[in-house]
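Proteins come first, then strands; the chains are lettered A, B, ... in the order of their sequence lines, and each starts at number 1. Here the structure is a predicted model, which is why all the values come from computation and not from measurement.
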Amino acid sequence: MSILPAEFYEQPTLELAKSLLGCKLVKETEIGTASGYIVETEAYVGPGDRAAHSFNNKRTPRTEVMFGPPGYVYTYVMHTHCLVNVVSGEVGHPEAVLIRAVEPLEGIELIQERRGDKKEKDLTNGPGKLTKALGIIKSDYGHPLDQSPLYIKNGYSPKHISQGKRIGIDNSGEARDYPWRFWITENRFVSR
DNA sequence: ATGATGATCTACT
DNA sequence: GTAGATCATCATC
């Protein structure tokens, strides 16, 4: 198993979203390493995707990294929770893949400590949950995903991939119905 | 019914 | 520009 090279991210966002399923997300910290398999993602295709922060090429300090080359981390702080994205699309194309859920793999003790001893199932089945579980914070913003301490490794190929509408963007007009959410079929760690 | 989560919103370092 | 908060929705008791 090896760290995915920068070239891996040079594919269409929707393809990347599916490719990331089954890959291993790893975060190293001073107190230990925690990782998990990515089991759920959402694609956000900048211009034209009303639900995306980069809709209509809206460029702000926050979305700035999305305009750069793919393979970088885009962290977003919301309600004291942190969400993680993988930047995709070429330079000038503000697209990204939101990681919504992972399956705990390494550092279970560390994850449980961070999450506060919840049921295993509830440890990482949500965008805000997995970041806290793996110790990903806003200062990871702009970090290349092919280097320590935060990176993605080759995982396994999911047998079945499901596809459906995205979640939590009810006020985004037509974009609400875009079937751009992908998850590993019948994996119990998906958010829903 | 209660608790937790979540692609925002507002205020001020 | 950054840091911190509020309220609707989903999940579970």
Side-chain angles (χ1 to χ4, degrees), chain A residues 9 12-14 16-18 20-21 25 34 36 38-68 70-89 93-104 111-143 145 150 152 162-183 186-192:
Chain A
Y9 303 96
T13 300
L14 294 180
L16 182 63
K18 287 184 284 189
L20 285 173
L21 292 175
L25 179 64
I38 298 173
V39 298
E40 183 179 356
T41 61
E42 266 182 24
Y44 283 88
V45 183
D49 183 356
R50 198 166 164 173
H53 292 159
S54 54
F55 171 65
N56 201 18
N57 280 322
K58 182 179 182 182
R59 189 166 189 158
T60 70
R62 276 228 176 80
T63 62
E64 183 65 31
V65 70
M66 291 213 277
F67 288 83
Y72 284 77
V73 178
Y74 171 40
T75 51
Y76 185 80
V77 184
M78 171 186 194
H79 303 61
T80 65
H81 297 299
C82 189
L83 284 62
V84 200
N85 300 257
V86 176
V87 175
S88 67
H93 293 257
E95 304 176 1
V97 176
L98 168 68
I99 298 177
R100 284 194 62 86
V102 301
E103 176 181 342
I111 291 176
Q112 289 183 326
E113 184 180 333
R114 285 170 173 151
R115 294 282 302 137
D117 194 33
K118 301 283 185 180
K119 288 180 297 185
E120 183 185 34
K121 178 191 170 196
D122 296 321
L123 291 174
T124 57
N125 62 338
K129 299 179 184 178
L130 75 90
T131 55
K132 185 176 180 182
L134 296 184
I136 296 173
I137 54 181
K138 59 181 182 295
S139 59
D140 285 317
Y141 178 93
H143 179 81
L145 276 170
L150 178 61
I152 295 180
S162 296
Q163 181 173 0
K165 296 179 183 179
R166 290 178 293 181
I167 296 175
I169 53 174
D170 55 314
N171 201 9
S172 301
E174 301 174 355
R176 176 188 54 177
D177 297 324
Y178 294 173
W180 289 346
R181 182 167 72 101
F182 304 94
W183 68 95
E186 292 184 349
N187 184 294
R188 65 196 186 97
F189 290 100
V190 299
S191 61
R192 71 186 66 162

Inset, instruction - Just say parallel, tilted or perpendicular for the rings of A:His53 and A:Tyr74, cut-offs at 30° and 60°. - result: perpendicular
Inset, instruction - Please determine if a side-chain N or O atom of A:His81 lies less than 4.0 Å away from the OP1 or OP2 oxygen of B:dA4. - result: no
Legend entry - Distance in angstrom units between A:Arg100 CZ and B:dA7 P, rounded: 5 Å
Inset, instruction - Measure the NZ-CH2 distance between A:Lys165 and A:Trp180 for me, rounded to the nearest 0.5 Å. - result: 14.0 Å
Inset, instruction - Verify the contact: side-chain N or O of A:Arg115 to OP1 or OP2 of B:dT5, cut-off strictly under 4.0 Å; return yes or no. - result: yes
Inset, instruction - Assign A:Phe55 to base, sugar-phosphate, or nothing according to its heavy-atom contacts below 4.0 angstrom with the strands shown. - result: nothing
Legend entry - Euclidean distance, atom CE of residue A:Met78 to atom C1' of B:dG6 [Å, nearest integer]: 4 Å
Under 3.5 Å, which protein N or O atoms sit close to an N or O of nucleotides 8-13 of chain C? Give each pair with its distance.
residue, atom, partner, partner atom, Å
C:dT12, OP1, A:Lys121, NZ, 3.4

Inset, instruction - Fill in the dot-bracket string of DNA chain B, one character per base: . for unpaired, | for a pair to another strand, ( ) or [ ] for pairs within the strand, taking Watson-Crick or G-U pairs under 3.5 Å. - result: ||||||.|||||.
Legend entry - Any N/O donor-acceptor pair, A:His79 side-chain to C:dA5 base, under 3.5 Å: no
Legend entry - Ring-face cation of A:Arg166 near A:Tyr44 (centre distance under 6.0 Å, axis angle within 45°): yes
Inset, instruction - Can you check whether any acceptor in the base of B:dA7 is under 3.5 Å from a donor in the side chain of A:Tyr76, or vice versa? - result: no
Inset, instruction - Send over the distance from A:Ile99 CD1 to B:dT5 C1', rounded to a whole Å. - result: 18 Å
Inset, instruction - Strictly below 4.0 Å, heavy-atom distances to any atom of DNA chain C: list the hits from residues 61-68 of chain A, or just say none. - result: A:Pro61, A:Arg62
Inset, instruction - Using only heavy-atom distances, determine whether the side chains of A:Lys129 and A:Asn125 contain a donor-acceptor pair under 3.5 Å. - result: yes
Legend entry - Pair A:Leu25-A:Leu150, side-chain contact (heavy atoms from CB on, under 4.5 Å): steps then yes or no: CA-CA 8 Å; A:Leu25 179 64; A:Leu150 178 61; 4.2 Å; yes
